[in-house]
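First comes the structure, then the notes that go with it.
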Amino acid sequence: MTQRYWLMKSEPEEASIDDLASAKHQTLAWTGVRNYQARNFMRDEMHEGDGVLFYHSSCAVPGIAGLATVASTPYPDPTQFDPKSPYFDPKSTPESPRWLLVDVKLDRKTRLVPLTEMRQMAELDGMQVLARGNRLSITPVSPKHWKFITQHLVEA
DNA sequence: GCCAACGTTGGC
DNA sequence: GCCAACGTTGGC
């Protein structure tokens, strides 16, 4: 199985790179995804060891905040069964869970690479997160884009 | 706070 | 199965 690469958006008010850094084993379950495309990536296409660009969204300076790896096989998102959770899904059952997730483990915090900076890089043309109207919270990243970001952008 | 883009829902 | 209405995302 060849390694793949992903960009995963998180609102820092909910789960920031520092939350990931201070989590047990520097690992967080990627709870709260309620979009089928994003779920399908976690359920069907992500594998342990895949590279993850940890991205801060819906904040003052959106951008890449760290590097991480996929750290589990898919399993049911526990928040879907919790009536007190904002992610509760009354139509989902433990026998047939609708929402699956993976764990994400911090590799390292990086400088914040702003979305505006990424947009200026010709090397990143075609990157899905830069596409007009993109809202998907998990998007694939090509090896070429991953290489450019990790080798040239992430260091100051 | 605005609004473009896109996903979901539900009437028919 | 179509599609209008509505809700959400997320940059700006």
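Labels below follow one simple rule: chain letters A, B, ... track the order of the sequence lines, proteins then strands, and each chain is numbered from 1. Note that the coordinates shown come from a computational prediction; the quantities given were computed from them, not determined experimentally. Values below: every heavy atom of this structure, side chains too, minus hydrogens, waters and symmetry copies.
- Between the CZ atom of Arg39(A) and the C1' atom of dG7(B) there is a distance of 14 Å, rounded to whole Å.
- Straight-line distance from the CG atom of Asp89(A) to the P atom of dG7(B): 19 Å, rounded to whole Å.
- In this structure, Lys91(A) atom NZ and dT8(B) atom C1' are separated by 10 Å, rounded to whole Å.
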Exercise for the section: Report the C-alpha distance between Leu130(A) and Leu115(A) in whole Å, list the side-chain angles of each, state the deciding distance to 0.1 Å, and finish with yes or no for side chain to side chain contact (heavy atoms under 4.5 Å, CB included). Expected result: CA-CA 8 Å; Leu130(A) 304 181; Leu115(A) 179 65; 3.5 Å; yes
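- Between Lys9(A) and dT9(C) there is no side-chain polar atom (N or O) within less than 4.0 angstrom of OP1 or OP2.
- With hydrogens and angles left out, the side-chain atoms of Ser92(A) and Gln80(A) include a donor and acceptor closer than 3.5 Å.
- Between Gln120(A) atom CD and dG11(C) atom P there is a gap of 16 Å when expressed in whole angstrom units.
- Here Arg119(A) reaches the OP1 or OP2 of dC12(C): one of its side-chain N or O atoms lies under 4.0 Å away.
- Atom pair Glu14(A):CD and dT8(C):P shows a separation of 14 Å (rounding to whole Å applied).
- Here dG10(C) is the nucleotide among dG10(C), dG7(B), dG11(C) with the atom lying nearest to any side-chain atom of Ser137(A).
- Distance check, rounded to the nearest 0.5 Å: CZ of Phe81(A) to CZ of Arg98(A) gives 10.5 Å.
- Distances shown here put every side-chain N or O of Tyr55(A) at or beyond 4.0 Å from the OP1 or OP2 atom of dT9(C).
- What separates CG of Asn35(A) from P of dG10(C) is a distance of 9 Å, to the nearest Å.
- Among dT8(B), dC6(B), dG11(C), the nucleotide with an atom closest to any side-chain atom of Arg135(A) is dC6(B).
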Exercise for the section: Please report the C-alpha distance between Arg34(A) and Thr79(A) in whole Å, then the side-chain angles of each, then the deciding distance to 0.1 Å, and finally whether the side chain to side chain contact (heavy atoms under 4.5 Å, CB included) criterion is met. Expected result: CA-CA 11 Å; Arg34(A) 294 295 179 267; Thr79(A) 64; 3.0 Å; yes
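- The CG-P distance, from Leu136(A) to dG10(C), rounds to 8 Å in whole Å.
- In this structure, CD1 of Ile138(A) is placed 15 Å from P of dG7(B), rounded to the nearest angstrom.
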